[in-house]
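Working notes, structure below.
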Amino acid sequence: MLETLFDTIDTVQIDGDDRLFCLRPLEADPALAASIAVIGLTQPLRLQARPDGLYRVVSGFHRLQAAHAAGLNSVPALIFDAAAETLEIFKWRLAEIAHSNPLPPLQVSHAIARLESGWSQSREDIIRTFFPLMRLAPSPKLYALYAPLHQLSLSLQRLLMQDALSLEIAVALAQRPASDQHCFHGVIQCLRLGKNRQREFWLLLTDLERIEKRPLTELMDKNPLAAILAEAVLTPTQKSDQLKSALMHLRYPTYSAAVDRYEKILRRAKLPPGIQLRPAPYFASDQFHLELSFRSARELRRRLRVLETMLEQGLIDEMTGLA
Amino acid sequence: MKRHGRYKPFVPDRIYIEEAVRESPWTQRILVHLPHAAVTPIPSLDQWEAPPGGNSILLARQRGPFLRLCPGTSRHICCLYQNLDIAAGCDLDCSYCILQAYLNVPMTTLYTNLDALFAELDEKLGRFPRRFFRIGTGELSDSLTFDHFAAWSGDLVHYFSDKSNAIIELKSKNTLIDHFVRLRHNRRTVVSWSVNAEAMSASEEPHAPSLQERLDAAVEVQKAGFRLGFHFDPMLYHPDWAQGYRATVDAIFSRIDPHNIAWISLGALRYPPLLDEIIRENHPESEIVLGELLPGVDNKYRYFKPIRIEMFSRMYQWIRAYSPDVLVYLCMESDEVWKRSFGWSPKSSAGLKKLLDARVRD
Ligand code: SF4
């Protein structure tokens, strides 16, 4: 049983750089600092005394940082003894965070990294002993999935913590160089992509990387992709549509060429809004769908005339011969 | 690019045996052929959990019917083939293999209650004497990949040799022909090989025998008077596809007499969306997912139609240059694609069945 003692500790005695127990990236939290400035620290930190007379943080990294920002000179704390096994404290900490829900993937990843670097725990030990503490199934697959996440850039880790980054993409990005992470983060931000669309763009981009045998950054530097992202007057939605279309042209050139030819035919036909003429999705079958709307016999005759002209000009033949 | 290693037939190191088939002669035969494999009896498969990994097989009782009409795919012309589910699973691990997504067995399973299989065939073939059955074992496995220890090919060739309303097709990438090649077959067995462009075979089927080895086996089988089949399936679009497939057509016709060929099928890569993810995960080096694959009317991914039509029509020309009358057919394509690729179409699944049956009826 790990014992703690309550005390008030001068902030200068706490080594905030000792991150042995830290499970996520530290970021300034002005709102927390403002609240601490007004009402003080309501929840004590957990610290461990170190043999050198200083303290390391067990929990409350953000509160300590906010306390510094709020100008507090001392903080209330529950203190673990210097003689307590750090690994035991770490276990206690994991169990505490996961007491009602499984640890989120990013924190699992940081925990794995700490266990491996701080206490030389093997992968098997982590899965067998520590995963249940984090309320995770002892699954090697889960380990492989979560372990790399701490290698994400801080901005991507932030997105992941905010549940604004698809886990699948996060895992893939964590195994990529910082330049790729930065590049795709830029795409997400610029287009304001939700998780589903992140997957869609990621798949297109990574397939193109392999097809064109160029790294992601080089691909995105190329026009028209770079130009679309840099365009100042377009909204994020317009940029997404244009970027997607540009990527589709590169990824599916034969299909995209057919789509372009089809649209050209429609433009030549000058169809009024009351006529919708659509091929089967992806031209997968030879069927076309025609939708006509009209309000009077006169209008219907006009619409039919447009279609007849299309037939006379050979546009329907061109259409059906497209794919 | 991966290369074919020297092909090594699969040798399981552990055999799990369901109690119900423990005494089956087909189980006993496998045990004789695999004396070094550890054997673990399984009293009942209900709630049995297969241990992960390992090089194991399960010998079990087929609980459902062995014979099953090919499910086909909506709005496509199907050859109305009957699958004989004698095994489920395969050791060859081809990158595109559909079994990665579909298998509903705990591990590679060989069904050894073949007494029930032959009784079922007797009943079915006897009940419909005027109907013609083309039956194959190569749907949930490769027909010959376990034959060096299961030796089922011999049973099947022998069984079908006196059937007037059925043939068996052994469809394989393998070269394990010893258990049947010298048997009396009465031309009721078609031995067919799945073939590909050599580069694709090397990268996507690296654990299977090479094209050359498959053709060596085909030549042996031809000498023994069997009818042969060739399945270009899945055809894979890649930068040198035309040279690659043409070379395979040339290689076949340089060694095989067209009169001995019952049929040649062409099928372009197609798969359900789920398999896309599985291929990317199981075979990260494979580039087959990078083709222009788009959802079709049956929701499966296929190459964009003009690409398929180009591949099929050129293959058709190359094959026709060697043989004006060998039956070339498309696997799971629409009437439109048939017409635009070959200039004709069997119009319906029944039409295609008729053509295929006619090749092997007598
Ligand atoms: S040989 Fe056939 S069954 Fe075996 S892995 Fe390859 S595709 Fe699948």
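Lettering of chains follows the sequences in order, A, B, ..., and the numbering in each one begins at 1.
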Query raised in the report: In terms of side-chain geometry, is the basic nitrogen of B/Arg280 or B/Asp276 positioned less than 4.0 Å from the acidic oxygen of its partner?
Result: yes
Query - Modelled atom types, side-chain donor and acceptor of B/Glu292 and A/Thr254, under 3.5 Å - result: yes
**Report entry** Which portion of A/Ala280 sits near chain B, non-hydrogen atoms under 4.5 angstrom
**Finding:** neither
Requested in this report: Indicate yes or no: does A/Glu318 engage A/Arg268 in a salt bridge with an N to O separation below 4.0 Å.
Outcome: yes
Query raised in the report: Hey, are A/Arg278 and A/Glu291 close enough for a salt bridge, meaning a charged N less than 4.0 Å from a carboxylate O?
Result: yes
**Report entry** Contact origin within A/Leu208 toward chain B - heavy atom pairs under 4.5 Å
**Finding:** neither
Query raised in the report: Judged by modelled atom types alone, do A/His110 and A/Gln157 share a side-chain donor-acceptor pair under 3.5 Å?
Result: yes
Query raised in the report: Hey, mind stepping through B/His231 and B/Ser265 against side chain to side chain donor-acceptor pair (under 3.5 Å) and telling me if it holds?
Result: CA-CA 5 Å; B/His231 299 283; B/Ser265 77; 2.6 Å; yes
Query - Residues B/Glu336 and A/Ser285: side-chain donor-acceptor under 3.5 angstrom - result: no
Query - Members of residues 337-346 of chain B whose heavy atoms come closer than 4.5 Å to chain A - result: B/Arg340
Report summary line: d(A/His249 NE2, A/Leu247 CG) to nearest 0.5 Å is 11.0 Å
Report task. Would you please say whether a donor-acceptor pair under 3.5 Å links the side chains of B/Gln100 and B/Asn282? Result -> yes
Query raised in the report: When B/Tyr96 is tested against each of B/His283, B/Arg270, B/Glu205, B/Glu204 for side-chain hydrogen bond (donor to acceptor under 3.5 Å, both in side chains), which residue passes?
Result: B/Glu205
Report summary line: Among residues 294-316 of chain B, residues within the sub-4.5 Å heavy-atom range of chain A, in order of number, are B/Leu294, B/Pro295, B/Gly296, B/Val297, B/Phe304, B/Lys305, B/Pro306, B/Ile307
Query raised in the report: After noting the C-alpha distance and the side-chain angles of B/Trp48 and B/Tyr16, does the key distance pass the ring-ring contact (aromatic ring centres under 6.0 Å, His included) rule?
Result: CA-CA 11 Å; B/Trp48 179 66; B/Tyr16 294 93; 5.1 Å; yes
Report summary line: Counting heavy-atom pairs under 4.5 angstrom with chain B, the leader among A/Ala284, A/Ala323, A/Ala258 is A/Ala323
